[in-house]
A.B. asks: 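Input: one structure, supplied below.
Just so we're clear, the structure is a prediction, and the values are computed from it rather than from any experiment. Letters A, B, ... are given to chains in the order of the sequence lines, protein chains preceding strands, and every chain is numbered from 1.
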Amino acid sequence: MAQRLRVRYAKRGRLRFTSHRDISRAVERAVRRAGIPVAFSAGFTPHPKISYAGAAPTGVASEAEYLEIGVTRPCDPEGLRAGLDASLPPGLDVLDVVEARAGSLADRLEGSDWELRLPGADAGLATVAVEKFLAADLVEVERLTKKGMRRFDARGAVLSLAVLEGTEGTERTAGQTPGRSCVILRMVVRHATPAVRPDDVLTGLRLVADFAPPSPPEVTRLAQGPLDASTGEPADPFDLDRDPTRGGEPGLTERVVGDL
Amino acid sequence: MSVESLFPRLEPLLPKVQKPIQYVGGELNSTVKDWDDAQVRWALMYPDAYEVGLPNQGVQILYEILNELPETLAERTYAVWPDLEALMRSEGVPQFTVDAHRPVRAFDVLGLSFSTELGYTNMLTALDLAGIPLRAADRGEDDPIVLAGGHAAFNPEPIADFLDAAVLGDGEQIAIAITEVIREWKAEGRPGGRDGLLMRLAESGGVYVPKFYDVEYHPDGRIRRVAPNRPGVPWRVHKHTVMDLDEWPYPKKPLVPLAETVHERFSVEIFRGCTRGCRFCQAGMITRPVRERSIETIGDMVEAGLRESGFNEVGLLSLSSADHSEIGEVAKGLADRYDGTQTGLSLPSTRVDAFNIDLANEFSRNGRRSGLTFAPEGGSERMRKVINKMVSEEDLIRTVTTAYGQGWRQVKLYFMCGLPTETDEDVLGIADLAKKVIKAGREATGSRDIRCTVSIGGFVPKPHTPFQWAAQCEADVVDRRLSALKAALRGDKEYGKAIGYRYHDGKPSIVEGLLSRGDRRVGEVIRAVWAAGGRFDGWSEHFSYERWMRCAAETGIDIDWYTVREREENEVLPWDHLDAGLDREWLWQDWQDALGEGEVEDCRWTPCYDCGVCPTMGTEIQIGPTGKKLLPLTVL
Ligand code: B12
Ligand code: SF4
C-alpha cells in the first residue's frame with residue numbers, strides 16, 4: 001500500500017436513508033468507476049482496503065462522515081476527491097480528502113455536533129425541556145440495541161444543548177415542508193459507549209419534561225472530530241494530517257465537560 | 001398542469017418503515033425529466049419488492065429506451081411492503097414513482113412487467129394505492145392506460161378485467177410505437193377519448209385490448225369462442241420479436257441501486273430465444289427463434305456497463321447461455337480482459353455436458369471453484385424423453401465426475417416433480433442418480449469431500465407449450481413423491497450425508513397453475529384474495545394457500561377444473577387468440593410425441609422442424625459464428 005487517504009463526505013437529502021452497508025457498497029462501486037487504484041487485502045476473497053469511522057445511523061443526514069482508503073500508488077487528494085464525488089450518486093458528496101499522516105482517524109472522532117429539526121414542535125416547551133435536561137445530573141433512557149433493551153445515561157455525554165428557531169427542511173435533509181418555521185435543537189455530544197444518539201437525547205427530553213415532537217425529527221450531523229478544549233466543539237479531524245507539527249494528543253475531553 | 005413531488009409527504013413516513021432507502025430513488029444512472037416538457041409519460045412497474053424489481057432487465061431496458069425518446073419520460077414504481085402500505089393508506093399518500101416521486105395516476109401509461117403470475121395481487125395493491133379503479137371498465141379519462149408485458153402477458157386472461165391492454169414478446173420496438181400512437185392521439189385532441197386510444201392500439205394487431213373481445217362459454221364451462229366485439233379489431237394478436245439484437249444494446253447505463261438487491265451485477269443478454277425444445281419451458285417456446293448478440297457487441301456492452309456502473313460482476317444472461325455459437329471465445333476473451341481486476345464473471349447455464357465444465361473453468365479462472373449446476377429436470381431416462389431433455393444417465397454421470405475431477409466440490413442438480421406421465425419410480429430414480437453421482441465422484445477423486453444437492457420443485461403446465469393440454473399433478477401426489485424421495489436420500493447410510501435436498505412443496509404450484517392457465521373468470525379469485533389481504537405471493541412468508549382456496553370456493557371457481565384437468569385437442573384455450581407464433585398443430589403433435597416418449601432436436605443446429613414461428617412472424621434464426629475475437633482493452 002503506497003498511501004492512505006482520508007475522506008470526508010456528506011450524506012444529504014433523500015440519501016440520508018442509506019444504511020451503512022448501502023454506503024459501503026456504493027463507495028466500492030464508485031472507487032471502481034473512478035478508477036482509483038485501491039489496495040486489496042490478501043487472501044481467498046480479497047476486499048478493497050476501505051474503512052469507515054463513526055458512521056451516522058440510517059435516516060440521519062450528515063455533513064461529516066469519514067472513511068479511509070488505501071491505494072497502491074500515490075494519488076493527488078484533490079483529484080481523488082473530484083473523481084470519487086463524480087462517481088457517487090448526488091447526495092453522497094465528497095467534501096474533503098487528505099493524505100493520512102498521523103495516528104488513527106477513528107481515535108480523533110471524539111464528539112459530534114448535531115442539529116435536529118422538529119417540524120410542528122412548540123419552541124416554548126422545547127426550551128423548558130432543554131433547561132430541565134441540562135439541570136439534571138443523570139437522565140436514564142432505554143433503547144433497543146442489537147444486544148436487546150439497554151438502559152443508560154443520556155445526560156453525561158451531552159456537552160451542550162440549545163434551542164434555536166429556523167425553517168423546516170433543508171437541502172441536507174430533503175425537507176418535509178420547506179419554508180415552514182420549526183424548532184431546532186443543536187447539541188454537541190461526546191462519543192461514548194454505549195453511544196448516546198440524538199434520539200436518545202429526545203427520549204431524555206420526553207422523560208424530563210414530557211416534550212414529544214409531533215413528527216420524526218430531521219437529524220443532521222454537522223461535524224465530528226476532536227473536542228476542542230476551549231470552544232467545546234468538535235474541531236476538524238484533518239488538522240493533524242494537514243499539519244503534523246501540531247503534534248500532541250487531540251482534545252482534552254474531561255476539561256470540556258468540567259467547563260460546562 | 002404540473003405535478004408535485006409526493007416526497008415531502010412520504011418522507012415523514014420513511015423513518016417508520018423497514019429499509020426506507022428502497023423508496024427514495026436517486027440510483028446512479030436514473031433519470032428525472034421535466035414533467036411539462038414531456039408529451040407522453042410512462043410509469044413502469046415491476047410488481048414485486050424493489051430488491052427483486054430493480055435489477056429486472058426488462059424494466060431497465062424499457063426505462064432507458066423511453067427516456068432516450070424526445071418528449072417522453074419514464075419513471076419506475078415498485079410494490080411497497082405492507083408496513084409502508086398501511087402508512088400510505090392512513091396518511092393518504094398515493095402510489096408513487098421512485099424517480100421523481102410523482103403520483104402514478106398522473107401518468108399516461110402504467111406499464112407492468114410480469115415475469116411471473118405471482119405479481120398479480122401486487123398489481124391490485126398498486127392500482128388501489130394509486131387511486132386507479134381496479135377494473136378497466138370503471139376507469140375514466142384521467143386514468144392511465146394499464147398495460148401488461150413480460151412472459152406472463154402471453155396469457156393475460158386472468159387479469160384481463162384489470163388491464164386496458166397487454167403486449168406479447170419483446171418490448172423495445174412496441175414501447176416506442178405505443179408512445180407514438182399516444183403522442184399523436186393527444187396532439188389531435190384525444191379523439192374518441194380513452195376508447196379511441198385503445199382502438200388505435202388494438203387496430204395495429206400488436207396490442208391486445210381485452211375489453212374488445214367477448215368470451216363465450218359452453219354450458220360445461222369450457223370456452224366456446226373468443227371474438228372481437230367491434231369492427232377493426234383483429235381476431236388474433238401477435239407477439240413482437242426484435243431482430244438484430246446488436247442494434248439494441250440495452251441496458252447501456254445500468255441502474256445502480258443504493259439498496260441491496262437480489263442481483264448485484266451487470267447482466268448482458270447474450271441471446272434471446274431457445275430452441276432446445278424442452279416441453280415444459282414456456283420461455284423457450286415463446287421467445288423463438290434464437291437471436292444471438294455478436295461477440296463484439298457483448299464485449300462492448302460489458303465494457304461500457306462496468307464503466308458506467310462500477311459493478312464487479314458480469315452475468316451473461318440467456319435461457320441457455322452455453323449455447324451461444326461463440327461462447328468459448330466470449331468466455332476466454334472476457335476472462336483475459338478482466339484478469340487481475342477482481343471482476344467476477346458468471347454464466348447461468350445448466351447444460352449437462354463437458355463443454356459446460358470447460359466454460360465454468362474459464363469463468364472461475366480468477367476465483368474459487370465452488371458450485372456447478374446441472375439441470376437434468378427428470379429423474380429417469382424415460383421422464384427425460386417425455387420432456388425432451390436429451391441427456392442420458394451415462395452422460396450425466398460422466399459430466400459430473402469430470403467436474404469433481406477438475407476441482408469442483410459441489411454440484412447442484414435441478415429436477416421437477418409432477419411432470420406428465422410421471423410415476424413414483426421416476427421420482428425415486430433421482431435418489432439413485434444422486435447416489436451414483438457421489439459414488440462415481442468419490443472413485444474419480446479418491447476423496448469423500450464432494451457433495452451434491454438435489455433441488456426439486458413442482459411442475460406447472462404453461463400456455464403456449466406442448467404441455468398446455470396436460471393435467472397438472474395434484475399437490476398431494478407431488479408432496480408424497482417429494483417426501484418419498486427425501487426418505488430415500490436421507491435413509492442412505494453410504495451416501496445420504498453427501499447429498500443435500502431442497503424442495504418446494506406442491507401447494508404453491510397449484511395456485512401458479514390456476515393463474516397460468518386460467519381464463520377471465522379467475523380474475524374474481526385474484527380480486528378476492530387481494531381484498532382478503534393477499535400480497536407478495538412469490539414470498540413464502542406472505543403466501544397463503546388456504547386464502548387462495550377459500551376465496552376460490554367463495555367465488556365459485558373450481559380450482560381442479562383449471563389445474564388437474566387434462567384438455568382435449570379441440571378445446572378452445574383461453575390464450576388461443578394470442579399468437580406466440582407456434583403452430584397449434586405442431587404443439588399438439590409435440591404433446592403426442594411426448595406421451596410417446598419421442599424426442600425433437602434443436603433447430604439451431606439441425607434443420608427446421610416447422611414449429612411455425614419463423615414463417616408466421618417473419619423471423620429467422622440469427623446465430624454466429626462471426627469468427628471475431630475480443631481484443632485486450634488497452635486503456636487503464
Ligand atoms: C435473471 C432472472 C431471474 C432473477 C432476477 C429477476 C429480476 N428481477 O429480473 C431472479 C433470480 C431473482 C429470478 C427469479 C425468478 N424467476 Co427468473 N429468470 C431470470 C432470467 C434468467 C433472465 C430474465 C431477464 O432479465 N430477461 C431479459 C429481459 C430483457 O426480458 P424480459 O424481462 O422478459 O423483458 C422483455 C419483454 O418481456 C418485454 N417486457 C417486459 N416487461 C414489459 C412491460 C411492458 C409494459 C412491455 C410493453 C414490455 C415488457 O420487454 C422486455 C425487452 O424485450 C430468465 C430467463 C430469461 N433468459 O429470460 C428467468 C425467468 C424469467 N425466471 C423464471 C422464473 C420461473 C422465476 C421465479 C418464479 C423462480 C422461482 N420459482 O422462484 C422467480 C420469480 C422472481 C420474481 N418474483 O419475479 C422463468 C419464467 C417462467 C416462464 N414464464 O416460463 C424464466 C423465464 C426462467 C425459465 N426458463 O424458467 N429470475
Ligand atoms: S420455425 Fe423452424 S427454425 Fe424457426 S424456431 Fe421454429 S423450428 Fe426453429
A.B. asks: Among the options A:Thr18, A:Leu15, A:Ile23, pick out the one with the most heavy-atom pairs lying under 4.5 Å from chain B.
C.D. replies: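 Counting heavy-atom pairs under 4.5 Å, the top option is A:Thr18.
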A.B. asks: Could you look at B:Lys16 and say if it's the side chain, the backbone, both or neither that has a heavy atom under 4.5 Å from chain A?
C.D. replies: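 Contact with chain A: side chain only.
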A.B. asks: Could you check whether any side-chain N or O of A:Arg221 sits under 3.5 Å from a backbone N or O of A:Ser62, counting only pairs where one atom can act as donor and the other as acceptor?
C.D. replies: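 Between the backbone of A:Ser62 and the side chain of A:Arg221 there is no qualifying donor-acceptor contact (under 3.5 Å).
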A.B. asks: For the CG atom of B:Leu84 and the CG atom of B:Leu14, what is their distance to the nearest 0.5 Å?
C.D. replies: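 It is 7.0 Å, given to the nearest 0.5 Å.
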A.B. asks: Taking C-beta and beyond as the side chain, do B:Tyr338 and B:Val314 meet within less than 4.5 Å on heavy atoms?
C.D. replies: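 A side-chain contact under 4.5 Å is absent here.
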A.B. asks: Measure B:Glu260 against the heavy atoms of chain A and call it side chain, backbone, both or neither at under 4.5 Å.
C.D. replies: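 Both backbone and side chain.
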A.B. asks: Sub-3.5 Å donor-acceptor pair from the side chain of A:Tyr9 to the main-chain atoms of A:Leu67, do we have one?
C.D. replies: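 The answer is no, because no donor-acceptor pair under 3.5 Å joins these two groups.
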A.B. asks: Under 4.5 Å heavy-atom distance to chain A, tell me which part of B:Gln22 shows up: side chain, backbone, both or neither.
C.D. replies: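 Looking at B:Gln22, nothing touches chain A.
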A.B. asks: At under 4.5 Å between heavy atoms, what parts of residues 89-101 of chain B are in contact with chain A? List them by residue number.
C.D. replies: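 Expected list: B:Val98, B:Asp99, B:His101.
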A.B. asks: If we only count heavy atoms from C-beta on, is the B:Val256 to B:Glu27 side-chain gap below 4.5 Å?
C.D. replies: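 No - every pair of side-chain heavy atoms lies 4.5 Å or more apart.
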A.B. asks: Quick one: CG on A:Leu205 to CG on A:Asp210, what's the gap to the nearest 0.5 Å?
C.D. replies: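 Here the interatomic distance stands at 11.0 Å.
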A.B. asks: Quick check: under 4.5 Å, non-hydrogen atoms only, which of residues 82-99 of chain A neighbour chain B?
C.D. replies: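 Listed by number: A:Ser87, A:Leu88, A:Pro89, A:Leu92.
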A.B. asks: Chain B: which of A:Pro48, A:Pro46, A:Ala26, A:Ser19 shares the most heavy-atom pairs with it under 4.5 Å?
C.D. replies: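 Of A:Pro48, A:Pro46, A:Ala26, A:Ser19, A:Pro46 has the most heavy-atom pairs under 4.5 Å with chain B.
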A.B. asks: CG/A:Leu185 to CZ/A:Arg117 distance, rounded to the nearest 0.5 angstrom?
C.D. replies: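 Output value for this atom pair is 11.0 Å.
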A.B. asks: Chain B heavy atoms under 4.5 Å from A:Thr58: which part of the residue, side chain, backbone, both or neither?
C.D. replies: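 Side chain only.
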A.B. asks: For B:Trp81 and B:Phe536, take the angle between the two ring planes, folded into 0 to 90°, and tell me which bin it lands in: parallel under 30, tilted 30 to 60, perpendicular over 60.
C.D. replies: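 Plane angle under 30°, so parallel.
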A.B. asks: How far does NZ of B:Lys252 sit from CZ of B:Arg307, to the nearest 0.5 angstrom?
C.D. replies: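 Separation between the atoms: 12.0 Å.
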A.B. asks: Measure B:Ser30 against the heavy atoms of chain A and call it side chain, backbone, both or neither at under 4.5 Å.
C.D. replies: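 For B:Ser30, no heavy atom lies under 4.5 Å from chain A.
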A.B. asks: Where does A:Ala30 contact chain B at under 4.5 Å (heavy atoms): side chain, backbone, both or neither?
C.D. replies: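 No part of A:Ala30 comes within 4.5 Å of chain B.
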A.B. asks: Under a 3.5 Å cutoff, is there a donor and acceptor pairing between the side chains of A:Thr220 and A:Glu63?
C.D. replies: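 A:Thr220 vs A:Glu63: no donor-acceptor pair found between side chains.
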A.B. asks: Is any side-chain heavy atom of B:Thr343 closer than 4.5 Å to a side-chain heavy atom of B:Arg337?
C.D. replies: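 A side-chain contact under 4.5 Å is absent here.
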A.B. asks: To the nearest 0.5 angstrom, please state how far the CG atom of B:Leu44 sits from the OH atom of B:Tyr78.
C.D. replies: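 Separation between the atoms: 8.5 Å.
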A.B. asks: When rounded to the nearest 0.5 angstrom, what distance separates CG in B:Leu6 from CE in B:Met88?
C.D. replies: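 If we round to the nearest 0.5 Å, B:Leu6:CG and B:Met88:CE are 8.0 Å apart.
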